[in-house]
Trainee: 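Below: one structure in structure tokens.
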Number of protein chains: 2
Amino acid sequence: MRRPLRVNGGRLDGLTATDDTMPNTHANSAVPRPTEAELDILRVLWDRGACTVREVHEQLHADGGAGYTTVLKLMQIMHAKNLVSRDDAQRAHVYRAAVTRQRTQKRFLAEMVTRLFNGSPSQLVLHALGEAPRASKAELRQIRELLDRIDRRGKPQ
Amino acid sequence: MRRPLRVNGGRLDGLTATDDTMPNTHANSAVPRPTEAELDILRVLWDRGACTVREVHEQLHADGGAGYTTVLKLMQIMHAKNLVSRDDAQRAHVYRAAVTRQRTQKRFLAEMVTRLFNGSPSQLVLHALGEAPRASKAELRQIRELLDRIDRRGKPQ
DNA sequence: TCTTGTCAACGAAGGTCTTCGTAATTCCCA
DNA sequence: TGGGAATTACGAAGACCTTCGTTGACAAGA
């Protein structure tokens with residue numbers, strides 16, 4: 001029986017693609033897409049910079065969500081996946097995000113566009129804009145400026 | 001040991017939230033978020049309308065990706081999850097998407113905003129727009145029109 | 001009627017993800 | 001130097017996802 005070995009796990013849930021054929025800078029291609037719990041940890045690392053496991057655990061599950069070893073295990077796995085880097089000079093290892101927030105956002109957006117918006121980013125923009133009428137004036141202005149820049153630059157079609 | 005039963009599987013990967021506290025119309029809340037393979041099937045049903053398992057399989061794996069029974073099993077599971085409805089009047093059951101594309105897009109977008117964009121939809125818009133300078137003039141105009149409408153209507157801040 | 005082909009149902013295997021319990025390690029302090 | 005406390009490492013369990021093989025039902029044609 002042909003049972004193709006799966007890459008990112010097998011059950012990638014909802015969004016994926018993992019083509020990495022985009023003209024990306026840096027080519028962060030090796031790292032897999034972070035899972036749900038991994039994303040929670042990345043958010044902490046993005047917001048607070050380098051952290052020990054204890055710090056992440058306290059930030060995330062101060063109320064007793066998951067245990068310390070759970071977070072530890074996750075971060076070890078993330079290290080094996082190259083999602084985080086680790087400084088083990090001290091007894092309490094210090095972890096740091098190895099993928100940027102920007103890059104991760106971009107990745108998830110691209111997958112979303114591919115799988116849910118027929119590959120049309122502007123369709124996604126339209127939907128997101130529709131769901132988000134609570135934007136501040138500053139944000140709306142920012143969006144308009146970006147639109148202007150796109151208009152001036154590339155002149156597709 | 002406290003081992004909280006997981007709802008949507010447990011390993012929801014990357015994006016989730018499943019709060020359903022948004023002021024949604026219709027409240028499609030019962031159905032879980034579709035997984036990757038389920039989304040592939042939904043796309044076919046959205047594009048082609050009601051289909052038999054065979055049709056979906058041929059559309060999706062004509063080149064021999066996954067076997068017929070794989071698709072069948074998936075669609076049975078989706079039926080159990082209320083992601084699709086089924087008409088078993090004929091021998092070959094006819095399946096139909098029970099969740100709309102719009103609604104699913106909205107759901108994924110909301111989760112993405114929550115987990116990756118600090119709850120700011122306009123941040124997501126900015127990123128998506130940045131990654132998508134290939135929009136046609138018509139699309140750009142559409143986006144501007146939506147912006148105008150938002151400006152005129154709600155006047156937040 | 002018998003055969004052949006299609007299809008749904010069932011069960012199971014192999015992977016991940018998430019969560020811990022437990023053991024081993026290391027550091028500090030009395 | 002001998003605990004204790006904090007941390008890392010290891011392994012395993014439970015839940016799901018994805019993929020199929022197999023079986024049984026059923027229909028159409030020879």
Side-chain angles (χ1 to χ4, degrees), chain A residues 1-16 18 31-42 51-58 60-61 63-81 83-84 86-95, chain B residues 1-16 18 31-42 51-58 60-61 63-81 83-84 86-95:
Chain A
M1 186 199 313
R2 173 188 37 68
R3 200 182 277 284
L5 264 268
R6 283 164 284 172
V7 186
N8 192 352
R11 164 277 352 332
L12 307 161
D13 260 273
L15 299 177
T16 304
T18 323
V31 303
R33 171 151 68 70
T35 67
E36 163 115 342
E38 287 169 350
L39 209 44
D40 287 340
I41 290 171
L42 278 179
C51 284
T52 65
V53 174
R54 176 147 306 283
E55 287 174 296
V56 172
H57 174 248
E58 275 168 4
L60 228 40
H61 308 288
D63 55 347
Y68 174 86
T69 50
T70 298
V71 177
L72 170 65
K73 180 70 162 182
L74 275 168
M75 293 177 75
Q76 286 171 343
I77 292 174
M78 292 170 77
H79 182 240
K81 288 181 181 173
L83 283 170
V84 299
R86 183 166 67 174
D87 173 7
D88 54 2
Q90 303 301 320
R91 185 150 127 70
H93 301 177
V94 176
Y95 290 81
Chain B
M1 186 199 309
R2 172 188 37 68
R3 200 181 280 281
L5 264 268
R6 283 165 284 171
V7 185
N8 193 351
R11 160 277 358 327
L12 305 161
D13 262 271
L15 301 177
T16 304
T18 322
V31 303
R33 172 151 67 71
T35 68
E36 161 115 342
E38 288 170 351
L39 210 43
D40 288 339
I41 290 171
L42 279 178
C51 285
T52 64
V53 174
R54 176 147 308 280
E55 288 175 295
V56 171
H57 174 247
E58 274 168 6
L60 229 39
H61 308 288
D63 54 347
Y68 173 86
T69 51
T70 299
V71 178
L72 170 65
K73 179 70 161 185
L74 276 168
M75 293 176 75
Q76 286 171 342
I77 292 175
M78 291 170 77
H79 182 239
K81 288 180 180 174
L83 283 170
V84 299
R86 184 167 65 174
D87 174 7
D88 54 1
Q90 302 302 319
R91 185 153 123 74
H93 300 178
V94 177
Y95 290 81

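The figures that follow rest on heavy atoms only: side chains count, while hydrogens, waters and symmetry mates do not. So you know, we letter chains A, B, ... as the sequences are listed, proteins then strands, and number each from 1. Keep in mind that this is a model prediction, so the values were computed, not measured.
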Trainee: Over how many whole Å does the gap from A/Leu60 atom CG to C/dT18 atom P extend?
Mentor: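 A/Leu60 atom CG is separated from C/dT18 atom P by 12 Å.
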Trainee: For the side chain of A/His93, starting at C-beta, report the closest nucleotide among D/dA9, C/dC27, C/dT18.
Mentor: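 My answer, after comparing the listed nucleotides, is D/dA9.
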Trainee: At 4.0 Å (heavy atoms only), tell me whether B/Glu38 reaches a base, stays on the sugar-phosphate, or touches nothing.
Mentor: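 No contact at all - B/Glu38 keeps every heavy atom at 4.0 Å or more from the nucleic acid.
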Trainee: Taking N and O atoms by type only, does the side chain of A/Lys73 place a donor or acceptor under 3.5 Å from a partner on the base of D/dG11?
Mentor: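 Donor-acceptor pair under 3.5 Å: yes.
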Trainee: Which whole-number value in Å describes the distance from B/Arg33 CZ to C/dC17 P?
Mentor: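 In whole Å, C/dC17 P and B/Arg33 CZ are 14 Å from each other.
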Trainee: Within the structure, does a side-chain N or O atom of A/Lys81 lie under 4.0 Å from either OP1 or OP2 of C/dC17?
Mentor: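 Yes, such a contact exists.
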Trainee: Look at the side chain of A/His93 and the backbone N and O of A/Arg86, then say whether any donor-acceptor pair between them is shorter than 3.5 Å.
Mentor: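 Looks like no, no N/O pair under 3.5 Å.
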Trainee: Output the rounded distance in Å from CD (B/Gln90) to C1' (D/dC26).
Mentor: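 About 13 Å, once rounded to whole Å.
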Trainee: Does B/Thr70 put a side-chain nitrogen or oxygen below 4.0 Å from OP1 or OP2 of D/dT18?
Mentor: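 It does not, given that no N or O in the side chain of B/Thr70 lies less than 4.0 Å from OP1 or OP2 of D/dT18.
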Trainee: Looking at every non-hydrogen atom in both residues, tell me the closest pair between A/Leu83 and A/Pro32 and how far apart they are.
Mentor: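 Residues A/Leu83 and A/Pro32, closest heavy atoms: CD2-O, 3.6 Å.
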Trainee: Enter the distance from A/Lys81:NZ to A/Leu74:CG here, rounded to the nearest 0.5 Å.
Mentor: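 It is 8.5 Å, given to the nearest 0.5 Å.
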Trainee: Ignoring the backbone of A/Ala66, work out which of C/dT19, D/dT7, C/dC17 is nearest its side chain.
Mentor: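 Nearest to the side chain of A/Ala66 among the choices is C/dT19.
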Trainee: Kindly say if B/Arg86 contacts the phosphate of C/dA9, meaning a side-chain N or O under 4.0 Å from OP1 or OP2.
Mentor: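 Looking at the OP1 and OP2 atoms of C/dA9, one of them is under 4.0 Å from a side-chain N or O of B/Arg86.
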Trainee: To the nearest Å, give me how far apart CD1 (A/Ile77) and P (D/dA9) are.
Mentor: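 Taking atom P of D/dA9 as the reference, CD1 of A/Ile77 is at 13 Å.
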Trainee: Go through C/dT18, C/dT26, D/dT18 for me and flag the one nearest to the B/Thr35 side chain.
Mentor: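 Closest nucleotide among those given: D/dT18.
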Trainee: Whole-Å distance between D/dA25 P and B/Asp88 CG?
Mentor: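 To the nearest whole Å, that distance equals 17 Å.
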Trainee: Kindly point out which of C/dC7, C/dT19, D/dT19 is positioned nearest to the side chain of B/Leu74?
Mentor: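 Closest nucleotide to the B/Leu74 side chain: D/dT19.
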Trainee: Over how many whole Å does the gap from B/Leu72 atom CG to D/dT18 atom P extend?
Mentor: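 Those two atoms, CG and P, are 15 Å apart.
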Trainee: Say you draw a straight line from CG of B/Asp87 to OG1 of B/Thr52; how long is it, rounded to the nearest 0.5 Å?
Mentor: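 The distance works out to 12.0 Å.
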Trainee: Ignoring the backbone of B/Tyr68, work out which of C/dA8, D/dC20, C/dT18 is nearest its side chain.
Mentor: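 Selected nucleotide (nearest to the side chain): C/dA8.
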Trainee: Would you say a side-chain N or O of A/Arg54 is under 4.0 Å from OP1 or OP2 of D/dT7?
Mentor: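 Result: yes.
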Trainee: Quick one: does B/Val84's side chain get under 4.5 Å of B/Glu38's, heavy atoms only?
Mentor: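 With C-beta onward as the side chain, the pair stays apart.
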Trainee: Is the shortest side-chain N/O distance from A/Gln76 to OP1 or OP2 of D/dA9 below 4.0 Å?
Mentor: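 For A/Gln76, the contact criterion (side-chain N or O under 4.0 Å from OP1 or OP2 of D/dA9) is met.
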Trainee: Measure from the side-chain heavy atoms of A/Ala37 and tell me the nearest of D/dA9, D/dT22, C/dT18.
Mentor: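 Out of D/dA9, D/dT22, C/dT18, the nucleotide with an atom closest to A/Ala37's side chain is C/dT18.
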Trainee: What is the distance from NE2 of B/His79 to C1' of C/dA8, rounded to the nearest Å?
Mentor: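 Atom NE2 in B/His79 sits about 13 Å away from atom C1' in C/dA8.
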